[in-house]
Participant: 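Let me give you the structure first, and then I'll get to my questions.
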Amino acid sequence: MAERASIESQLGSAPCEVGDDENIFLLRESDDYQSRLLLGNALCSQYRFREAIEAYRSAELIRGDDPALYIRLGGAYLTVRKFDRAEAAYRRALSLGVPESGVGYQRGFRLYLLGDFEEAEKQFRKCLPCGGELEIAVIYWRCLCRMRLTGAPQQPEGFRQDMEVGHHTAYKRAAELFAGMRSPEETLSGLEAERGGLDYVIPAYGLCRLMVCSGEAGKGRELLEKVLLRREVWPSLPYLAAWNDKNG
Amino acid sequence: MKTLYIDCGMGAAGDMLTAALLELLPDPDAFIKRMDSLGIPGVEISREKACKCGITGTHVTVRVNGEEEGEHLNHHDNDHEHEHGHGHEHEHNHEHEHDHDHHHEHAHSSMKDIEELIASLELPQKVREDALAVYRLIAEAESVCHGRPVEQIHFHEVGSIDAVADVTAVCLLMHELAPDEVIVSPVHVGSGHVRCAHGILPVPAPATAYILRGVPIYGGGIKGELCTPTGAALLKHFADRFGDMPVMSASAIGYGMGKKDFPAANCVRAMIGESGGLTDEVLELSCNVDDMTAEAIGFACERLFEGGAREVYTVPIGMKKSRPGTLIRVMCGREDRDMMLGLLFKHTTTIGVREAVTRRYVLERRVETLETDDGEVRLKISSGYGTTRRKYEYDDLARIAREKDISLREAEELIEER
């Protein structure tokens, strides 16, 4: 029995070969709102987004006034590429009082996948100023949006070497790459030693897009394929973006 | 009759019962102050409005040393998700999802600790006795479930200070409301499984199931632990009977909200008011016979009365093949059904008995004894539904009529004159 659902089971028609663990079993044993919300979260942790959507929808039948539920639901829809439903969930969260900055990141990514990079960049910008660790991720995606719009390398606007990035060091490495502080070769060699899936796909996807913008489309495609091999983090944003670039 | 009806269609817990009963009081804040001044160590009780499925009621919170029971449960959705709040980049998620529903985990207390604590509280003696009786029900249940003597039982859910507050609050509220009769609906206990300190247990939890022996309960369609041992013990202790809501005129209605949100409004509803009279449930057991003598039928009726039947009567009927027959009908309580069935099969020739459950509306009855020149005469007074009736006991009238050689009517007039 697999620990996490495959991308094919969530975006395609392959069977989901992940079973319930004890926690999920118990959460299914209670029909209260919190348990259903937690069930959705637990299923997301196993990458069982389709089932998570069912859990969130059943929670919605009990309480339709919790913005946190709709942010979760939107994320699950977004992951399985139900873009309209994701947007509806985010709009519902907005109507319940969540500020635009609260769902700007998610809505920005949705638009990125849909190829509307101009609007995506605007949405990402709505998250700012956010400070803390999120800011570096916003800088990363905004930079990618501008690369896609212009077809040329872009500076990571707002990036500072001394900014606080917390555990988002992979985003920082990518931003350094975009800013020319780190060479593509150096980034590539660093990637080869990288074991963590996320720490790989974030800078690798950034480098891939940079290569495409720099006239090295072949190398970019080659790297994209390598990103897609990191299946253990398939629901991560860079992976989904890479998947979208290839199949979307 | 001042009647309290408790609707447990979504189960019951100590805090829900407290909140529901609190809403029946004219000054709930005064009660909260009184509870806070009782001296339960570290306890602070508060009430706030809560809404479930569009219904507004009261939610009662018991904080012990500033911390609410199960407060840590709310940490599962921490802010660490930030950018990943939509289910991405899970390696950075640190949700504490496994922390849910640990509401059975508490510091342990023995029955002796509980007794000492309750004895130390400034409460009316009756309230203390009630609180201890409730705890004894729980202790007995825990003892049976764990296979240990009561002295060795260490309470978890019910032993914590907040549970003492819940039990005490309900006992004190009952004392203040002082209903003549407490009627509780069949209890919805829920279904599924729940994790507790001992592992994963079926719902209702064994202690709850034990306490609710003899009480009408049902699993219903909702998964979750709807009735806690504390709630069960409080209901069992205070209920005069379990059944449907009687005919009553409610003067106050209270909704005590639980913590969780379910597809149905998670509340206990309490209604207090005057019941116009009593209602109860009676069974009618009937059989038709066409091959018994009148003597045998008479004897069977006598035996049924002696066995505890509330009423036995016969009706002449026509049966198949044009045979004159007799319908024998016995009215009894549920508790006497088996006895009555045994007597019917033993003393009649029937091979089948029909059963009908019927609701009976009755007037409240009491008997006063009058001292007269002709001795004691009992006066039966029946009231309810806007009616009051008085009637002298036939046996007493008959005695006077015989002694004075007058008619029954004259005997009654004689007593009336005096």
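So you know, we letter chains A, B, ... as the sequences are listed, proteins then strands, and number each from 1. Worth knowing before you read on, the calculation uses all heavy atoms, side chains too, and leaves out hydrogens, waters and symmetry mates.
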Participant: Hey, is the main chain of A/Q34 close enough, under 3.5 Å, to the side chain of A/R63 for a donor-acceptor pair?
Facilitator: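 Not a single qualifying donor-acceptor pair exists.
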Participant: Does any heavy atom of chain A fall under 4.5 Å from the side chain of B/I200, the backbone, both, or neither of them?
Facilitator: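 Side chain only.
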Participant: Check whether A/R36 gets within reach of chain B through its side chain, its backbone, both or neither, counting any heavy atom under 4.5 Å.
Facilitator: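 The answer is the side chain of A/R36.
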Participant: With a 4.0 Å cut-off on N to O distance, would you call A/E232 and A/R4 a salt bridge?
Facilitator: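 Salt bridge: no.
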Participant: If I measure from the heavy atoms of chain B, does A/Y77 come under 4.5 Å with its side chain, its backbone, both, or neither?
Facilitator: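 For A/Y77, no heavy atom lies under 4.5 Å from chain B.
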Participant: Do you see a donor-acceptor pair shorter than 3.5 Å between the side chains of A/S35 and A/D32?
Facilitator: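 Short answer, yes.
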Participant: So, A/E29 and B/R195, do they make that salt bridge, N to O below 4.0 Å?
Facilitator: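 Salt bridge flag = no for B/R195 with A/E29.
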